[in-house]
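Heavy atoms only: backbone and side chains are in, while hydrogens, waters and symmetry mates are out.
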Amino acid sequence: MQVIKKIGVGSAAKVYGLTLGLLGIFIGIIYALIFSFIGTFASEEIPMMGAGLGIFILILIPIVYGILGFIIGALGAIIYNFVAKKFGGLEIELSESNPYPAD
């Protein structure tokens with residue numbers, strides 16, 4: 001068994017921030033479509049207001065998700081490192097990959 005003793009805070013923050021930022025793009029597209037659709041019916045005086053709100057949401061959500069992911073990833077790594085130092089890390093079992101596939 002191998003034990004993960006420590007997780008790099010910067011590394012975890014970057015990976016988690018990028019992962020949530022990419023997820024935010026997909027969620028942003030859904031919200032942008034919804035807000036654009038609703039906004040076109042709600043604002044008769046300014047018809048482009050709905051499209052503008054949709055584009056704003058499409059830009060805002062991935063940025064917010066990425067920033068929150070970065071912060072949460074860093075905090076998660078810090079907490080894991082503290083707990084692993086006191087009580088031991090995660091035990092994982094690794095195996096060598098077989099260079100010759102079984103037929």
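Chaining together hydrophobic side chains whose heavy atoms lie under 4.5 Å apart places Ile7 alongside Ile4, Tyr80, Leu90, Ile92, Leu94.
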Show me the donor-acceptor pairs, under 3.5 Å and distance only, between side chains in residues 64-79 and residues at least two apart or in other chains.
none

Return all side-chain donor-acceptor pairs below 3.5 angstrom for residues 15-31, not counting sequence neighbours, or 'none' if the list is empty.
unit_1	atom_1	unit_2	atom_2	d
Thr19	OG1	Val15	O	2.7

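Taking Glu91 as the reference, Met1, Val3 meet the side chain to side chain contact (heavy atoms under 4.5 Å, CB included) condition, with sequence neighbours excluded.
For the atom pair NZ of Lys85 and NZ of Lys6, the computed distance is 8.0 Å after rounding to the nearest 0.5 Å.
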